[in-house]
Protein chains: 2
Amino acid sequence: MYDRPITPDTNVCDPCTAAVQGAATASPMMLERLLEGLPLVRRRLRRRQYVFRAGQPRHGLYLIHSGFYKTRVISEDGREKVTGFRLRGDLLGLEALDLPTYTCDAIALDVGEIWELPQSYLRERLPEFQERLTAALAGEIRRDWNWMLVLGSLNAEQRVVSFLLDLSARLSALGFSSTSMLLRMTRADLGNFLALQLETVVRALHRLQAQGLIEVERRQIRIHDLPRLRAQIALPAMH
Amino acid sequence: MYDRPITPDTNVCDPCTAAVQGAATASPMMLERLLEGLPLVRRRLRRRQYVFRAGQPRHGLYLIHSGFYKTRVISEDGREKVTGFRLRGDLLGLEALDLPTYTCDAIALDVGEIWELPQSYLRERLPEFQERLTAALAGEIRRDWNWMLVLGSLNAEQRVVSFLLDLSARLSALGFSSTSMLLRMTRADLGNFLALQLETVVRALHRLQAQGLIEVERRQIRIHDLPRLRAQIALPAMH
DNA sequence: CGAGGCATTGAAACCCTTCAATGAGTGTGG
DNA sequence: CCACACTCATTGAAGGGTTTCAATGCCTCG
């Protein structure tokens with residue numbers, strides 16, 4: 001699915017995200033191990049298919065086993081906001097744990113498989129599961145706050161860099177290449193997530209390529225200079 | 001503390017926030033009732049005092065009993081982001097529930113009192129408490145996503161309106177006036193939260209006053225036309 | 001081989017930021 | 001009690017980064 005799978009436990013944590021990632025995301029495979037042998041309902045998804053939609057009765061939690069997903073919220077007047085891109089080990093449906101219906105859309109950006117977690121069953125049999133859940137929830141909050149920080153204090157180019165570094169680190173933690181990746185989302189989705197227009201994303205990627213930091217070929221991104229990419233985000237030297 | 005306290009259970013939910021507020025915030029007093037008679041450690045705070053700082057060992061969760069607080073995260077290179085303004089019924093420390101240390105600062109913007117919750121004790125004696133916790137966590141995620149949506153799709157004036165409507169609704173739910181409120185934070189804090197410069201906040205408030213929607217007198221805000229204020233946020237009529 | 005979705009590029013317009021100066025309110029100390 | 005210091009709020013003007021609008025190109029799919 002991604003370029004050159006490496007050893008599953010390579011865990012190169014980017015300084016940009018390390019502080020934000022909780023135990024839940026630091027080792028995305030742990031939940032899967034925990035669930036081995038359980039009667040999980042598995043579901044395969046095609047591109048553009050919904051895992052669930054806002055307003056639907058909540059069935060449960062979904063653990064991503066493979067694929068690439070986006071979650072988004074839509075306001076009453078139709079404004080849309082991509083709240084995150086999710087991959088293996090991430091949980092879908094966390095934000096509605098206390099509600100009877102989902103409050104966001106979860107959409108597959110690629111073929112993939114998700115596992116439906118029998119929540120009530122798990123609460124009884126696996127006391128450890130509740131901790132995982134709490135950790136996942138708290139981790140999502142920290143991640144959201146970090147992105148708020150990014151969007152609130154960085155310019156377009158730096159936001160795109162933040163995104164690339166974050167995705168690179170996450171893919172790396174999953175055993176994929178950290179320097180070569182295929183963006184599964186459109187420029188519009190990416191722009192929406194980063195609070196930028198799609199044209200601005202295009203231009204930012206273009207400038208990063210012109211600086212020799214990355215190589216862009218439609219959705220294929222190759223990172224050429226990770227250290228200088230990281231340096232892009234640091235505040236201009238203090239006086 | 002605020003203008004004209006009304007009946008404690010008035011719960012006027014603003015459409016802007018209603019969809020986002022979970023059970024936990026919909027009735028902020030419920031947790032307090034749940035905790036009646038428990039051996040809580042109470043702590044009084046002065047203006048500018050820290051409830052906790054990022055990096056400190058995590059003592060526990062704090063329930064706000066009174067006062068006005070802000071939470072913020074700070075990146076390694078010093079960029080700051082106010083992640084929310086918190087008042088009675090809100091929990092401080094949620095985002096670090098799975099960690100040994102706090103990851104944000106919580107600061108009192110006014111005198112106030114917080115109750116330290118004995119987490120382990122609660123988990124054993126009050127099974128209902130775990131549900132509250134989950135609801136509070138999920139609610140925070142939904143709130144964060146909603147603010148991301150606001151910051152990503154609204155202009156300066158609309159963001160300020162969103163903030164005013166949100167605060168108005170929250171104060172109202174606590175039994176305070178929904179049309180007259182005292183902003184406890186500086187323009188800089190507000191700007192930081194809304195991803196705007198403080199001058200932009202000032203000008204937005206000024207324009208709203210010029211339109212006769214609100215009345216601004218330093219930190220005292222009076223809402224004159226709530227319906228038109230709400231209408232400011234809706235997208236320009238579709239064709 | 002069109003049709004459609006998506007990406008790219010250019011130019012103009014605009015909203016917000018930045019910089020700078022002034023004013024108002026609060027607290028401290030002589 | 002007033003003066004000074006300090007914080008915070010306000011206002012103006014200029015500059016710039018991003019958006020908006022429009023057109024073109026590329027790739028995929030039926």
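Each chain gets a letter, A, B and so on, in the order its sequence line appears, and its residues count up from 1. What you are looking at is a predicted structure, and each value in this text was computed from that prediction instead of being measured.
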_Between C1' on C/dC6 and CZ on A/R184, what's the gap in Å once rounded to a whole number?_
16 Å

*Answer with base, sugar-phosphate or nothing: what part of the nucleic acid does A/A195 contact at a heavy-atom distance below 4.0 Å?*
sugar-phosphate

*Just how far, in rounded Å, is P of D/dT19 from CG of A/L194?*
11 Å

*How many Å lie between CG on A/N192 and P on D/dT19, as a whole number?*
12 Å

*Could you tell me whether A/D105 and A/R53 make a salt bridge, using a distance below 4.0 angstrom between a side-chain N and a carboxylate O?*
no

*What is the distance from CG of A/D189 to P of C/dG5, rounded to the nearest Å?*
15 Å

*Got B/L92 and B/R86 here, is their nearest side-chain heavy-atom distance under 4.5 Å?*
yes

*Is it true that A/R184 and A/D110 have a side-chain N and a carboxylate O under 4.0 angstrom from each other?*
yes

*So does B/D90 pair up with B/R88, basic N to acidic O under 4.0 Å?*
no

*Rounded off to whole Å, could you give me the CG-to-P distance for the A/L208 and C/dT8 pair?*
13 Å

*So what is the end-to-end bend of the helix from C/dC1-D/dG30 to C/dG30-D/dC1, with 5 pairs used at each end and the value given to 10 degrees?*
30°

*Ion pair check, B/E157 and B/R207, cut-off under 4.0 Å*: yes

*asked:* Checking A/K81 now: which residues fulfil salt bridge (charged side-chain N to carboxylate O under 4.0 Å, His left out) with it, not counting sequence neighbours?
replied: none

*CZ of A/R207 versus P of C/dT8: gap in Å, rounded?*
13 Å

*Would you call the rings of A/F163 and A/F85 parallel, tilted or perpendicular, where under 30° means parallel and over 60° means perpendicular?*
perpendicular

*asked:* How would you summarise protein contacts on nucleotides 8-14 of chain D per nucleotide, using B for base, S for sugar-phosphate only and - for none, with heavy-atom distances below 4.0 Å?
replied: SSBBBB-

*Can a side chain N or O of B/T200 be found less than 4.0 Å away from OP1 or OP2 on C/dC16?*
no

_For atom CZ of B/R159 and atom C1' of C/dC15, their distance in whole Å_ = 11 Å

*Search all heavy atoms of B/Q211 against all heavy atoms of B/R228 and return the closest pair with its distance.*
O-NH2, 3.1 Å

*Taking only Lys NZ, Arg NE, NH1 and NH2, and the carboxylate oxygens of Asp or Glu, determine whether A/R142 and B/E95 approach each other closer than 4.0 Å.*
no

*Atom pair distance, as rounded to whole Å: CG in A/L196 and P in C/dA7*: 15 Å

